[in-house]
Protein chains: 2
Amino acid sequence: MPSAYKGTPEEVLALSTFIKLTRSVNALLGQTNPMLQREFGLTESQLAVLEAVYHLGPLCQGELGQKILRSGSNVTTVVDNLERNGLVRRQRDAHDRRMQIVHLTNQGRTVIAAALPGHVGRITSLISVLSCEEQQELGRICKKLGTARAR
Amino acid sequence: MPSAYKGTPEEVLALSTFIKLTRSVNALLGQTNPMLQREFGLTESQLAVLEAVYHLGPLCQGELGQKILRSGSNVTTVVDNLERNGLVRRQRDAHDRRMQIVHLTNQGRTVIAAALPGHVGRITSLISVLSCEEQQELGRICKKLGTARAR
DNA sequence: CTCATATTGTTCGATATAGAACTGTACAGC
DNA sequence: GCTGTACAGTTCTATATCGAACAATATGAG
């Protein structure tokens, strides 16, 4: 995150924008993640896995990686920890034994159902320093930005 | 990162905005970080430390943590790795022996001077899918968002 | 059917990251 | 000069994260 870089006006604006963008995300996650950890003992990634399976039903690990935008090896680690904590279980697909289907346990369902409303409420509360119009504009710009590719 | 959550319209908008925001940052970092790693063997945090010392001069680790927004224990780790790789050296402050002043080595100065222009150029190139006005609006909104506090 | 290839997940090694407990140093008050 | 408190870093433990190498399984070509 460069800050005192001397470059063209174009670079100065882009860097300034980039820094504000990444800092705002860090600030938001810094408010939501420790809360998740304290109240439910969940990390952001663990929540993401539980939430995906909660809303979409049992998924194999590859699909989970797609949904939460993480590498396969990372999904293995996160699911390992969730399984150790009794929140999910793995089941080999009978038709394709390469696949590990990740299911919620009853305890996992209870935990995610308890954690989600507060988490969503907290995000909503934080984001609502912005007007609806600002949120929509932010969303539009971020979506455009998400398509950027290095030259 | 919830996605299929059923909540109030306010929550739906806030979550949608939040997801677009975090994904855009992930997308940008996913373009810049692997490049840094391949070309210069630097992680994002290592670059941040080198850049801070490059532009601000020798800093103690506490100040570094403030600049790059990381915990003290994390700064210790990152500086450990940079020191092992010969890019920085630690020097105890003579007047307050609690402090570790982090200096660039010649090699570190060479590396950061070589890495920065391309890195900045890459960020600029990515961000420039947005017009100047969009960048300014994004910066303004993110700055506002960065001040949000949980109720 | 057999073999080459592709796919899925795991393992390994490295780095990042945070909080808690700890060590060493400084400093203020007595 | 002691002593208690504050502060700077380190260590420890746990989790996340990636890429590369690997194992197991599936599948298509012949």
Side-chain angles (χ1 to χ4, degrees), chain A residues 1 22 25-26 29-50 58-85 87-102, chain B residues 1 22 25-26 29-50 58-85 87-102:
Chain A
M1 266 185 252
T22 53
V25 170
N26 283 341
L29 297 181
Q31 303 258 339
T32 56
N33 288 354
M35 218 63 169
L36 263 184
Q37 185 62 240
R38 266 178 240 129
E39 293 184 3
F40 298 97
L42 292 176
T43 66
E44 187 190 0
S45 290
Q46 289 175 354
L47 180 88
V49 167
L50 293 181
L59 295 172
C60 73
Q61 295 189 181
E63 291 169 321
L64 269 174
Q66 304 275 316
K67 297 293 175 192
I68 72 171
L69 304 173
R70 296 284 134 67
S71 68
S73 62
N74 184 41
V75 172
T76 297
T77 303
V78 174
V79 172
D80 279 349
N81 290 327
L82 285 171
E83 192 170 42
R84 170 173 52 65
N85 296 344
L87 303 184
V88 303
R89 69 188 161 76
R90 286 175 164 106
Q91 184 164 14
R92 285 249 171 236
D93 186 311
H95 298 300
D96 186 341
R97 294 189 45 73
R98 290 173 303 184
M99 298 211 197
Q100 292 273 33
I101 314 290
V102 177
Chain B
M1 265 183 253
T22 53
V25 170
N26 283 342
L29 297 180
Q31 304 258 337
T32 58
N33 288 353
M35 218 63 170
L36 264 184
Q37 187 61 242
R38 265 178 242 129
E39 294 184 1
F40 299 96
L42 292 176
T43 67
E44 185 190 0
S45 290
Q46 290 175 353
L47 179 89
V49 167
L50 294 180
L59 295 172
C60 73
Q61 294 190 182
E63 291 169 321
L64 269 173
Q66 304 275 316
K67 297 292 175 195
I68 72 172
L69 304 174
R70 294 284 134 65
S71 69
S73 63
N74 184 40
V75 172
T76 295
T77 303
V78 174
V79 172
D80 279 350
N81 289 328
L82 285 171
E83 193 170 40
R84 170 173 52 65
N85 295 345
L87 304 184
V88 302
R89 67 187 162 79
R90 286 174 163 106
Q91 183 164 15
R92 286 250 170 232
D93 186 312
H95 298 299
D96 186 341
R97 295 189 46 73
R98 290 172 303 183
M99 298 211 196
Q100 293 272 35
I101 314 290
V102 177

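Within every chain, numbering begins at 1; the chains are lettered A, B, ... in the order of the sequence lines, protein sequences first and strands thereafter.
- Axis orientation changes by 0° from one end of the helix from C/dC1-D/dG30 to C/dC30-D/dG1 to the other, with each end axis drawn from 5 pairs and the value rounded to 10°.
- Put simply, A/Asn74 has a side-chain N or O that comes within less than 4.0 Å of OP1 or OP2 on D/dC18.
- For B/Asp96, the salt bridge (charged side-chain N to carboxylate O under 4.0 Å, His left out) partners are B/Arg98, not counting sequence neighbours.
- To the nearest angstrom, P of D/dA24 lies 18 Å from CE of A/Met99.
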For nucleotides 2-6 of chain C, list the nitrogen or oxygen atoms of the protein found under 3.5 Å from its nitrogen or oxygen atoms, one pair per line.
none

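- Between B/Arg70 atom CZ and C/dA16 atom P there is a gap of 10 Å when expressed in whole angstrom units.
- Residues satisfying the side-chain contact (heavy atoms from CB on, under 4.5 Å) criterion with B/Ser45, sequence neighbours excluded, are B/Thr43, B/Arg70, B/Val78.
- Atom CG in B/Asp96 sits roughly 5 Å away from atom P in C/dA26 (whole-Å rounding).
- In this entry the distance linking CG of B/Asp93 with P of D/dA8 reads 12 Å, nearest Å.
- With sequence neighbours excluded, the residues that form a side-chain contact (heavy atoms from CB on, under 4.5 Å) with B/Gln31 are A/Arg149, A/Ala150, B/Leu126.
- Residues B/Gln61 and B/Val102 approach most closely at CG-CG2, 3.9 Å, considering heavy atoms.
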- Query: What string of B, S and - do you get for nucleotides 10-15 of chain C 5' to 3' if you count protein non-hydrogen atoms under 4.0 Å?
  - Reply: BB---S
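- Taking every heavy atom of both residues into account, A/Asn81 and A/Arg84 meet most closely at OD1-NH2, 3.0 Å.
- With sequence neighbours excluded, the residues satisfying salt bridge (charged side-chain N to carboxylate O under 4.0 Å, His left out) with B/Arg90 are B/Asp80, B/Glu83.
- By the side chain to side chain donor-acceptor pair (under 3.5 Å) test, A/Asp93 is found to be paired with no residue, residues two or more places apart in sequence or in another chain being considered.
- Taking atom CG of residue A/Leu64 and atom P of nucleotide C/dT8, one finds them 13 Å apart after rounding to whole Å.
- Under the side-chain contact (heavy atoms from CB on, under 4.5 Å) criterion, B/Ser71 pairs with B/Ser73, B/Asn74, sequence neighbours left out.
- Side chain of B/Arg97, nearest nucleotide from C/dA26, C/dT17, D/dC18: C/dA26.
- Taking atom CD of residue A/Glu63 and atom P of nucleotide C/dG9, one finds them 8 Å apart after rounding to whole Å.
- Taking the side chain to side chain donor-acceptor pair (under 3.5 Å) definition, one finds that A/Arg97 meets it with nothing, sequence neighbours left out.
- Put simply, CG on B/Asn33 is 14 Å from C1' on D/dG19, counting in whole angstrom units.
- For residues 33-43 of chain B, the salt bridge (charged side-chain N to carboxylate O under 4.0 Å, His left out) pairs, not counting sequence neighbours, are B/Glu39-B/Arg122.
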- Task: Please step through side chain to side chain contact (heavy atoms under 4.5 Å, CB included) for the pair A/Gln100 and A/Arg92, ending with a clear verdict.
- Result: CA-CA 5 Å; A/Gln100 292 273 33; A/Arg92 285 249 171 236; 3.4 Å; yes
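- To the nearest angstrom, P of C/dA16 lies 9 Å from CD1 of B/Ile68.
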